[in-house]
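As the structure is a prediction and not an experimental result, all values here were calculated from the model. All values below come from the heavy atoms of this structure, side chains included, with hydrogens, waters and symmetry mates left out.
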Amino acid sequence: MRAAAALYGTAGSLVLTALVAAPTGSASAADTYPYPSLYAEAEAHGTQVAAQRAQAAGIRFGACPKVESLPPSIKCGTVSVPLDYAHPDGKQIRLTVSRTKATERAEPRRGKAVKRQGALVFNPGGPGGSGMYFPMAGMIPEWKRIAAAYDLVGYAPRGVGRSAPISCQDPKEFAKAPTQAPTHPDTAYKLKRVAQAKAYAEGCVKRSGKAVRHYTSLNNARDLDVLRAALGEKKLTFMGASYGTYFGAVYASLFPSHVRRMVFDSAVNPDPAQIWYRNNLDQSAAFERRWSDFRTWVAKHDKTYHLGKTPEAVRRSYEKVRDELAAKPAGGKVGPGQLQSAYLQAGYYDDYWPARASALSAYVKGNPKPLIEQAAPEPKAAKEQENGNAVYTAVECNDAPWPTDFKTWNRDNSLLARTAPFETWDNAWMNLPCAYWPEARQQPLDVRTDEGELAPTLILAAERDAATPYAGAKELNRRLAGSVLVTERDAGTHGIGAGPNKCVNGHMEAYLLEGRLPVRRAACAPHKEPEPLSGARAAALPKKH
């Protein structure tokens, strides 16, 4: 899904589950193995070989490179994984890993020492997001009890950051601004974006080589098992957010006996029919609902923002600003494309609402500075952003079949844009390179586990989440036997674990610290809406995700 563009068995069972997920038509498979089933068997064996090597080698943690910008208390290392699991003795790539050890500190009122429970590995989603920062979470109050019991482990998945990075385009071109973002594009604009999508897809192979075919969710799951072994953990404790829930679920299906505890925060719909084309259409529809939530909140605080007393009036104010930026970009860098990207973040996180509303209000009153600060591209971040988008593209394009005729995209997105214009076409353009992807696509794994096959797992979801619509959490709940769904009612923040909702956090802590879950499911009241802010107070709020 799109969160990063807008924040990680026995031999017989490994073989059997991998057969279901065998890549179809992979050139590397055909080079050596005449049948997909034989290739899948080789991948299963290769995963075992890689995990055994990693367990023997471990991870040598030391000072983190300066490029990671992490405090001295966090240590870094690497783990080697095969580029192609069917050839475990072939090319190896190194994934970067970060860690802080469990503090084993008890709360003063409890007095007793905390027993270390092993490593908690985290993935923030994407595809294309890095979890290297995750050990810093132990400094936040909501994470301190968990940090007392667990080593907090983050890592950069294959392709991300310093983990065998890939690229599809010159970062300067990727971050080029200003850009347009018509909600109902004409034929000429569509033809232009089709050409760009074809060039981008070709650029992925040109800049990253044929190795790009091995950047998949299945390999992300296999890498996770190698990391588990390298950390010395017999069973994995894992928390994934957004896309991290998808390959976490793939992991649970491939390696159910390797799972200790798993938290799926804001779950992707894992139905193979949804991966990834249908999921992105559903996401665009959900963002329209969340965009309405933001406008309703702004209208409620019209005395502060003066953008309109109804959601419809706020929409007109926004569209007026968008039209003005199309004619004259703010600061020469903020056009409709940059405006849309900035306000898309309001669909992910409601703590952005005050700052975004203030910036729009200031622009309408003649002061473009707050909007420029919040929406203009950051040149220093261009390389990281292009890398994240390249990984996103490679993984989603490799993972599943996509429509290859633009007529299908045009029909589906034109119809959807009639009722959900805010995000639909922008989302389509982001994913359109998959229509022209030059590498073979896989068939998605049919994620599911039988009763008693997998340890109980926890799913967290906000009812009005736009990036991963709530239906996905319910589908994952149905597919993973023994899983329990905790819902934050009437809320839409993307990623709710260790956030402002104490009820949600209580369920997460009870599970991670004690293995305790609600009997079947549970619901939490929504967290409090943000307070309106303006002027200097709003300027202090986060500007970019």
Side-chain angles (χ1 to χ4, degrees), residues 8-11 13-14 17 47-48 50-52 54-55 58-59 79 97-104 114-124 131 134-135 137-138 143 145-155 157 220-241 244-265 267 270 447-460 476-477 479-486 497-498 505-518:
Y8 205 48
T10 64
S13 66
L14 283 174
T17 50
T47 306
Q48 284 187 303
Q52 289 167 358
Q55 183 177 5
I59 300 176
V79 59
V97 186
S98 58
R99 183 187 71 178
T100 55
K101 289 189 175 182
T103 64
E104 301 187 68
V114 174
K115 184 179 179 181
R116 179 184 175 276
Q117 297 195 38
L120 170 60
V121 180
F122 177 79
N123 178 275
F134 174 62
W143 281 98
R145 291 191 66 212
I146 296 170
Y150 287 95
D151 299 346
L152 301 184
V153 177
Y155 74 107
N220 283 338
R222 295 175 183 121
D223 290 347
L224 186 57
D225 200 55
V226 177
L227 175 57
R228 170 201 60 78
L231 291 168
E233 301 291 328
K234 291 184 178 180
K235 296 198 174 189
L236 175 71
T237 303
F238 174 79
M239 180 171 178
T245 69
Y246 177 64
F247 82 82
V250 170
Y251 181 95
S253 298
L254 291 176
F255 310 103
S257 66
H258 294 188
V259 173
R260 178 179 178 267
R261 290 172 191 163
M262 287 191 120
V263 179
F264 303 94
D265 188 357
V447 168
R448 64 177 68 251
T449 60
D450 294 329
E451 196 70 39
E453 186 181 15
L454 177 70
T457 57
L458 174 64
I459 303 169
L460 307 175
L476 182 61
N477 187 207
R479 287 172 171 266
L480 296 185
S483 64
V484 172
L485 173 60
V486 172
N505 295 343
H507 285 295
M508 189 175 84
E509 278 195 2
Y511 174 65
L512 287 175
L513 298 178
E514 305 169 33
R516 184 160 47 87
L517 287 168

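For the 3.5 Å distance criterion, the side chains of Q117 and R261 qualify, holding a donor opposite an acceptor.
For the pair F238 and L120, the minimum side-chain heavy-atom distance is 4.5 Å or more. With contacts defined as side-chain heavy-atom distances shorter than 4.5 Å, the pair R479/T449 does not qualify. Using a 4.5 Å heavy-atom threshold, the side chains of L227 and V121 count as touching. Contact of the L460 side chain with the L458 side chain is registered, since non-hydrogen atoms from C-beta on lie closer than 4.5 Å.
Between E509 and R145, at least one side-chain nitrogen of the basic residue sits less than 4.0 Å from a carboxylate oxygen of the acidic one, meeting the salt-bridge criterion.
Once rounded to the nearest 0.5 Å, the distance linking CZ of R260 with CG of L512 reads 8.5 Å. Here L517 contributes atom CG and S483 contributes atom OG; the two are 9.5 Å apart, rounded to the nearest 0.5 Å. The CG atom of L485 lies 10.5 Å from the OG1 atom of T457; values are rounded to the nearest 0.5 Å.
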Would L236 and M262 satisfy side-chain contact (heavy atoms from CB on, under 4.5 Å), going step by step from the backbone distance to the final call?
CA-CA 8 Å; L236 175 71; M262 287 191 120; 4.2 Å; yes
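When the side-chain hydrogen bond (donor to acceptor under 3.5 Å, both in side chains) test is applied to R448, the partners found at least two apart in sequence or on another chain are D446.
Classified by interplanar angle (parallel below 30°, tilted 30° to 60°, perpendicular above 60°), the ring pair H258/F255 is parallel. Note: F134 and F122 have parallel aromatic rings, judged against thresholds of 30 and 60 degrees for the angle between ring planes.
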